[in-house]
Amino acid sequence: MLQKLRIKILSDPHIDINKDYLKDIFRNNNQNFDVALVAGDIAGHPDDIKTFFKTYFPDKVVYFIRGNHDWVYYPWNDKQQANINYGIKQLKKIFPKTRGKYHMLEDDYVELAPGLFLIGSTFYT
């Protein structure tokens, strides 16, 4: 039997263009959840992702996937042609699923609770 797990889901925050809007949304942010899932299009640079998580989910575990806009503005890309495999390896080093509070899932999974799996992958063509 699964234990009770409270999950907050957020998609496409686009922090580069929505900073003021996000401040309004999160002003009275209910922190009554155990895990946050953020589905893509956060920011292009890993430092911006960390800042976003520290600002809005300071004491929470966060799992996220990258979105298509994240790859386009990716810091390691060459003339807008990101080497996605290289980028995935770098981000998995920065946001590993085995330590810390912030975890990127890319073609990977984690067991949130007994029998409850979160599978993460970005479909980007």
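Index from 1, following the sequence.
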task = Applying side chain to side chain contact (heavy atoms under 4.5 Å, CB included), run through I7 and L112 and close with a yes or a no.
result = CA-CA 10 Å; I7 300 172; L112 296 176; 4.3 Å; yes
If you round to the nearest 0.5 Å, how far is [atom2] of [Y] from [atom1] of [X]?
| X | Y | atom1 | atom2 | value |
| --- | --- | --- | --- | --- |
| I88 | M104 | CD1 | CE | 6.0 Å |
| D48 | D16 | CG | CG | 8.5 Å |
| S11 | L37 | OG | CG | 11.0 Å |
| K54 | K50 | NZ | NZ | 6.5 Å |
| T122 | E106 | OG1 | CD | 4.0 Å |

query = Checking side chain to side chain contact (heavy atoms under 4.5 Å, CB included) for the pair K60/V35: CA distance, chi angles, key distance, verdict?
reply = CA-CA 6 Å; K60 302 297 181 179; V35 175; over 6 Å; no
Exercise. Check P46 against L91 and note the closest heavy-atom contact, atom names and distance.
Key: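 Minimum heavy-atom contact is CG-CD2, 3.8 Å.
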So do [Y] and [X] actually touch side chain to side chain, heavy atoms under 4.5 Å?
| X | Y | result |
| --- | --- | --- |
| K97 | D108 | yes |
| D34 | K4 | no |
| S121 | I65 | no |

Grouping ILVMFWY residues whenever side-chain heavy atoms fall under 4.5 Å, the cluster of F117 otherwise contains Y109, I119
With sequence neighbours excluded, what pairs up with R99 under the salt bridge (Lys or Arg N to Asp or Glu O under 4.0 Å) test?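 Per chain and number, R99 pairs via salt bridge (Lys or Arg N to Asp or Glu O under 4.0 Å) with no residue.
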**Study point:** Check: H103 ring centroid to Y63 ring centroid under 6.0 Å
**Key:**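 Centroid separation for H103 and Y63: below 6.0 Å.
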Centroid-to-centroid, F57 to Y102, below 6.0 Å?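 No, ring centres 6.0 Å or more apart.
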Has [X] got a side-chain atom pairing as donor or acceptor with [Y]'s backbone, closer than 3.5 angstrom?
| X | Y | answer |
| --- | --- | --- |
| E111 | G115 | yes |
| N18 | P13 | yes |
| K101 | F53 | no |

Pairing residues for Y56 by the ring-ring contact (aromatic ring centres under 6.0 Å, His included) criterion, not counting sequence neighbours: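 So Y56 forms a ring-ring contact (aromatic ring centres under 6.0 Å, His included) with F26, F52.
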_Set out, in order, the CA-CA distance, both residues' side-chain angles and the distance that settles side chain to side chain contact (heavy atoms under 4.5 Å, CB included) for I9 and F33, then state yes or no._
CA-CA 10 Å; I9 300 171; F33 60 93; over 6 Å; no
- side-chain contact (heavy atoms from CB on, under 4.5 Å), paired with R66, selected from I42, I49, L105, V38: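 The side-chain contact (heavy atoms from CB on, under 4.5 Å) with R66 is passed solely by I49 among I42, I49, L105, V38.
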